[in-house]
> 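Dropping a structure here in structure tokens format, bear with me for questions.
Protein chains get the first letters and strands the later ones, always in sequence-line order, with residue 1 at the start of each.
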4 protein chains.
Amino acid sequence: MARPRSEDKREAILNAAIEVLAELGERAPTSKIAKLAGVAEGTLFTYFSSKEELLNQLYLSLKAELRQVMMLHYPLTADLKAQMQHVWQAYVTWGINMPKKRKVMAQLSTSEQITAESKQIGMQSFCDMTNLLQEQTTLGLLRDYPPLFIGSMLGALADLTMGFMVQEPENADRYQESGFEAFWHAVSTPITS
Amino acid sequence: MARPRSEDKREAILNAAIEVLAELGERAPTSKIAKLAGVAEGTLFTYFSSKEELLNQLYLSLKAELRQVMMLHYPLTADLKAQMQHVWQAYVTWGINMPKKRKVMAQLSTSEQITAESKQIGMQSFCDMTNLLQEQTTLGLLRDYPPLFIGSMLGALADLTMGFMVQEPENADRYQESGFEAFWHAVSTPITS
Amino acid sequence: MARPRSEDKREAILNAAIEVLAELGERAPTSKIAKLAGVAEGTLFTYFSSKEELLNQLYLSLKAELRQVMMLHYPLTADLKAQMQHVWQAYVTWGINMPKKRKVMAQLSTSEQITAESKQIGMQSFCDMTNLLQEQTTLGLLRDYPPLFIGSMLGALADLTMGFMVQEPENADRYQESGFEAFWHAVSTPITS
Amino acid sequence: MARPRSEDKREAILNAAIEVLAELGERAPTSKIAKLAGVAEGTLFTYFSSKEELLNQLYLSLKAELRQVMMLHYPLTADLKAQMQHVWQAYVTWGINMPKKRKVMAQLSTSEQITAESKQIGMQSFCDMTNLLQEQTTLGLLRDYPPLFIGSMLGALADLTMGFMVQEPENADRYQESGFEAFWHAVSTPITS
DNA sequence: AATGAATGAGGCTTCATTCAT
DNA sequence: GATGAATGAAGCCTCATTCAT
């Protein structure tokens, strides 16, 4: 199969997949995705060799987007807490504004169709941050947990927090703050608090 | 009187469903489930009117089992931290020993097929604990978060912790401890720490 | 299989079959019929060896009932037209008052499941009348058509008429009269009109 | 451009449906129809979205064909009786030559699967003729019956007649004539006879 | 490369009938 | 005899993928 010509179409398919997956879960038919993307059913398969491939690419694309969002305007010189708050804030804002993307990312994260390799790569989204942590931990600002463990906590608690924000929009701001506060106490040493 | 409907068969189907769902995800065919349960395809539908019904019943049954596990030997008179540690411990032990059940419960939790009602009921598993929290919060032992928020954090962090325990069995004990420690710092007031 | 004990149950099943067939057509499941009849699914098969058997028995039973209705108060000594009008009237009255029975009879009449033998027997419902015709024809009161042909016309035109009566209840009486009038002109010799 | 949808295949499926329905009634499985049509099972559903849709389309197609047959060489300038005889003749000839089509049309006419809308449309097959009747009635050539009533009688009596023709092929011609004669006397005023 | 008709395996579910109780 | 759970063969339909155009 030759290199597909149009990057636009690839994007269109991925975006359509988000819509349809958000609505129908993994049972989303490729035909519906193609239709929403404005391409023929067969065309989808020139851009993605199989549905599984499409799902994996989508997963990676979402992870990459999220990573990019978190790294945008990253306060490299601020203190650790500020850095983490930036990441938290970026993730939550993205997740709240793009609920379908968040939903689909969560879906795919537990899907049988996402290969171990994809999950591996996806996890590297957090690598940069993890690297920062490595240093900070040794400085005694953070509890002595593996950086990946800390990063994952941030993800898990932020996800949870977003759920509550959506459930009770009137208290969204408080959840947003409380969530980060809880996370920070979970991972920082008492001195830093 | 005709043959009575057998509770054993119902259990067999639910257990078979766990196996097959753990392996294939929601795409698990009812035929495979029936076969593994040792009943005819049609029999499955005398116990569960549809696949959706089966999944919802399974979800509720898992939630109920988990709740029971957590409530077993519950240290009603111990201090709050000990109580929470009990719940944490019970959940993690169950999850580690029954990895398929844990996997399936996670899957179903994000499934489109589980009705809002089921999720509602399932959530009440944590109600008892949540009620305890209600009191404790007012005593100033816990940060001023909604009890459900705290309960959900416990669940989320325990889940996360189990993931790491499975990933690095050699450090399982440390993760188990660190996980709870992190959770406790996340939700308790400084004084209590 | 021994002779079933209760004639009541047999009747109940036949009556239930009428209800369910009227609503669902031939796809009416035996289980629904049994339920409505207030007997167990299996019991149905002690009264009728198969669904096909049930349908055939029902068909015959309806034909027999219709025949009985038509023969009730039959004006043996009246003139031919009056006799026919009696039959017409009896049929139409029955059909209008028992729309489900009429519907089911029509359904079964075109069903693949009704054996040739049943149809043969069912046709004899009209035999008595047909026999009368045999004589009358030779008297020159009726056109020289086979009696069965005449009898069938009566049935067909009465059916048609009932359809219109149901469709336009406000003109029911007129259709009823016109229908018979048309039939009578169709089969009688000019002299008799 | 992809392969265009083939009118031939659509026809093949409709024709196959006639064969299988004539033999098995409405229980005719779509798989048998597809096989006989020489297409894959799934293909049937690209031409007809469901079995019900197929049956309705088939019903309409048969009605349309019948209408066309009746209107071919229609003697517009002949007298009323000749016109009706033409219609009668056309219908009976078609029905005798295409017994399966006739059988299936009769089946579908009483089927639960044919929508009211389809029946509505199908009925318009007779509209042209009915319109003619409207005028003729006012001229006193026909009895004062609603045109639709008269048209339906023609259909019913012709159907009946065909049944006898098939039953007793040796008397087919006589039935054919007698049938029309009966119909004509049923609907025309004495003067015209 | 793009299209969408064609394919057919496989899924969920129904249901007539059997048979253990 | 009555019951209704058990059975498994079909049935309708979906859908990932292929391929003729």
> Give the nucleotide from the list F:dC13, E:dA2, E:dA16 with an atom nearest to the side chain of D:S50.
F:dC13
> Does F:dA16 have OP1 or OP2 under 4.0 Å away from a side-chain N or O of A:T30?
yes
> Rounding to a whole Å, what distance do you find between D:R5:CZ and F:dT21:P?
17 Å
> Atom CD1 of D:I13 to atom P of F:dC13: distance rounded to whole Å?
13 Å
> Measuring from the side chain of A:E41 (C-beta onward, heavy atoms only), which nucleotide among F:dA5, F:dT14, E:dA6 has the closest atom?
E:dA6
> In whole angstrom, give the distance that lies between atom CD of B:Q113 and atom P of E:dG11.
15 Å
> Would you say D:T43 places a side-chain N or O within less than 4.0 Å of OP1 or OP2 belonging to E:dT7?
yes
> Side chain of B:P29: nearest nucleotide among E:dA16, F:dG11, E:dG11?
E:dG11
> Give one of base, sugar-phosphate or nothing for B:A28, where a contact means two heavy atoms less than 4.0 Å apart.
sugar-phosphate
> Give the C-alpha distance, both sets of side-chain angles, the deciding distance and a yes or no for side chain to side chain contact (heavy atoms under 4.5 Å, CB included) between C:M98 and C:E65.
CA-CA 11 Å; C:M98 323 290 250; C:E65 176 179 328; 3.9 Å; yes
> Which of these nucleotides, E:dC12, E:dA6, F:dT18, is closest to any side-chain atom of D:K9?
E:dA6
> With a cut-off of less than 4.0 Å, is there a side-chain N or O of A:T46 near OP1 or OP2 of E:dA1?
no
> With heavy atoms under 4.0 Å as the rule, sort B:Y47 into base, sugar-phosphate or nothing.
sugar-phosphate
> Using every non-hydrogen atom in the two residues, find where D:R5 and D:T46 come nearest and quote the distance to one decimal.
NH1-O, 3.0 Å
> Kindly express the pairing pattern of DNA chain F in dot-bracket notation, using | wherever a base pairs with another strand and counting only Watson-Crick or G-U pairs under 3.5 Å.
.||||||||||||||||||||
> Testing the basics here: between A:P29 and A:L24, what is the closest heavy-atom pair and its distance to 0.1 Å?
CD-CD1, 3.9 Å
> For atom CD of B:E11, decide whether the heavy atoms of other residues, nucleotides or ligands shown that lie under 6.0 angstrom number more than 12.
yes
> Where is the tightest heavy-atom contact between B:G122 and B:Y59, given as atom of each residue plus distance?
CA-CE2, 4.4 Å
> Specify the separation, in whole Å, of atom CD1 of D:I33 and atom P of F:dG11.
11 Å
